[in-house]
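Structure first, commentary second.
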There are 2 protein chains.
Amino acid sequence: MSESGAAVRNTRQRSAVSALLGEMEGFHSAQDLHAMLRQRGERVGLTTVYRTLQGLADAGEIDVMRPPGGEHLYRRCSEGHHHHLVCRVCGRTVEVAGPAVESWADRVAAQHGYADVSHTLEIFGTCPTCPR
Amino acid sequence: MSESGAAVRNTRQRSAVSALLGEMEGFHSAQDLHAMLRQRGERVGLTTVYRTLQGLADAGEIDVMRPPGGEHLYRRCSEGHHHHLVCRVCGRTVEVAGPAVESWADRVAAQHGYADVSHTLEIFGTCPTCPR
DNA sequence: CGTGGCAACGATAATGATTGTCAAAAACGC
DNA sequence: GCGTTTTTGACAATCATTATCGTTGCCACG
């Protein structure tokens, strides 16, 4: 029972989910992704999709967004910390980085004695190509 | 049918919810608030609590937070736009204002042509009195 | 003061995403 | 190849929130 093994096995399903995310643009729900895999003929259970997405999110390889609609959305993102500017009509998303915001959040938290700080930030708007 | 009437009626239940929120510190879920009202002998339906909270939130009189736990939390907040610094252990919350962040978000959105901009920001950490 | 319209109420059922369960299958190390 | 352990996946359970729809009470006007 050594503690060495990460014990993360490389399965067909995991590869399929990861690969699919690699090709996709924008955000998709777990159920979306599951449906797409099915269409491709990949035989993957919905439960597994959820589990895989959670794992990838924990590992920091994908990003999770929780829009007011209540459905979790996942996306393969560029590395590093960043935020999203989302069109509330068509869903088009732009990644934005805000170093100033990061440091501001850390500073404010520290001022109040909070440790181990993280934060979530999302910007919503109507993108220029969408009818109002 | 002039356009004057807000058509928002002043009911016992609405007052009760509003009053309760006025006394409470911190965030509480809709179901929490409903249970408290029941304990007090106020006869208010759960549906009405949800509706009232939504109404108050729309009117900007209370704040909504959607923590990863999946339960919406409501709180009577100071006026104006601000954000929250929440202890992920004990839930203690501090209101923080960040004018710089507000303008940054608006500016970034505008740069990408996004209109009608809003945003959500929450900071999580471990507060000084909580064991790590 | 009485009445009518209309919004709010509220009990219940419906919704729907996510999580738990557990036997069967697959992957990795040797 | 073989055994062990993780992973899978179909299905059921959970649970907050929303829709439904008949009833109730507020409000304005006569």
Side-chain angles (χ1 to χ4, degrees), chain A residues 1-21 27-59 61-75 91, chain B residues 1-21 27-59 61-75 91:
Chain A
M1 60 264 290
S2 72
E3 67 289 351
S4 64
V8 176
R9 296 189 180 177
N10 203 10
T11 64
R12 173 176 48 83
Q13 292 87 346
R14 189 177 296 266
S15 305
V17 172
S18 195
L20 179 59
L21 279 168
F27 284 89
H28 296 275
S29 70
Q31 318 226 9
D32 260 2
L33 295 168
H34 177 240
M36 293 178 200
L37 288 171
R38 278 291 167 94
Q39 270 188 358
R40 290 186 172 203
E42 302 275 2
R43 300 173 77 289
V44 182
L46 178 58
T47 308
T48 301
V49 174
Y50 274 106
R51 261 192 304 238
T52 304
L53 288 172
Q54 268 183 6
L56 290 172
D58 283 349
E61 296 187 30
I62 61 174
D63 234 34
V64 190
M65 192 175 54
R66 325 193 317 97
E71 208 174 14
H72 293 194
L73 300 180
Y74 303 88
R75 185 194 191 191
Chain B
M1 11 276 42
S2 67
E3 66 293 347
S4 64
V8 176
R9 297 191 179 174
N10 202 9
T11 66
R12 172 177 49 83
Q13 293 88 344
R14 188 176 297 267
S15 306
V17 173
S18 196
L20 180 59
L21 280 168
F27 285 89
H28 296 275
S29 69
Q31 318 226 9
D32 260 1
L33 294 168
H34 177 241
M36 292 179 204
L37 288 171
R38 278 289 167 96
Q39 270 188 358
R40 291 184 171 203
E42 302 275 3
R43 299 175 79 290
V44 181
L46 178 58
T47 307
T48 300
V49 174
Y50 274 105
R51 261 190 305 237
T52 305
L53 289 173
Q54 269 183 6
L56 290 171
D58 283 349
E61 296 187 31
I62 62 174
D63 233 36
V64 190
M65 194 175 53
R66 324 195 317 95
E71 207 174 15
H72 294 194
L73 300 180
Y74 303 87
R75 185 193 191 191

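In what follows, chains carry the letters A, B, and so on, assigned in the order in which the sequence lines appear, proteins first and then strands, with residues in each chain numbered from 1. Only a predicted model underlies this, so the values are computations on that prediction, with no experimental measurement involved.
For A/T48, whose side chain is taken as the heavy atoms from C-beta onward, the closest listed nucleotide among D/dT17, D/dG9, C/dT18 is D/dG9.
Rounded to 10°, the angle separating the first-five-pair axis and the last-five-pair axis of the helix from C/dC1-D/dG30 to C/dC30-D/dG1 equals 40°.
Qualifying side chain to side chain contact (heavy atoms under 4.5 Å, CB included) partners for A/R38, counting only residues two or more places apart in sequence or in other chains: A/H34. The side chain to side chain contact (heavy atoms under 4.5 Å, CB included) check on B/R40 picks up B/L20, B/E23, B/E42, with sequence neighbours excluded. Under the side chain to side chain contact (heavy atoms under 4.5 Å, CB included) criterion, A/A19 pairs with no residue at all, not counting sequence neighbours. Residues satisfying the salt bridge (charged side-chain N to carboxylate O under 4.0 Å, His left out) test with B/R75, not counting sequence neighbours, are B/E95. With sequence neighbours excluded, the residues satisfying side chain to side chain contact (heavy atoms under 4.5 Å, CB included) with A/R66 are A/H72, B/R66.
Rounded to the nearest 0.5 angstrom, A/L46 CG and A/L37 CG are separated by 10.5 Å. Separation of atoms CG (B/L73) and CG (B/D32) is listed at 8.0 Å; rounding is to 0.5 Å.
For the contact set between residues 36-46 of chain A and DNA chain D, defined by any heavy atom under 4.0 Å, the members are A/R38, A/R43, A/V44, A/G45.
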Sugar-phosphate or base contact per nucleotide [nucleotides 21-30 of chain C; S, B, -; heavy atom under 4.0 Å]: -----BBS--
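Using a 4.0 Å heavy-atom cutoff across all strands shown, A/Q13 reaches sugar-phosphate atoms only and no base atom.
Here D/dA16 presents its P atom at 5 Å from CD of B/Q31, a figure rounded to the nearest Å.
OP1 and OP2 of D/dA16 both lie 4.0 Å or more from every side-chain N or O belonging to B/H72.
Screening residues 45-59 of chain A for side-chain hydrogen bond (donor to acceptor under 3.5 Å, both in side chains), with sequence neighbours left out, gives A/Q31-A/Y50.
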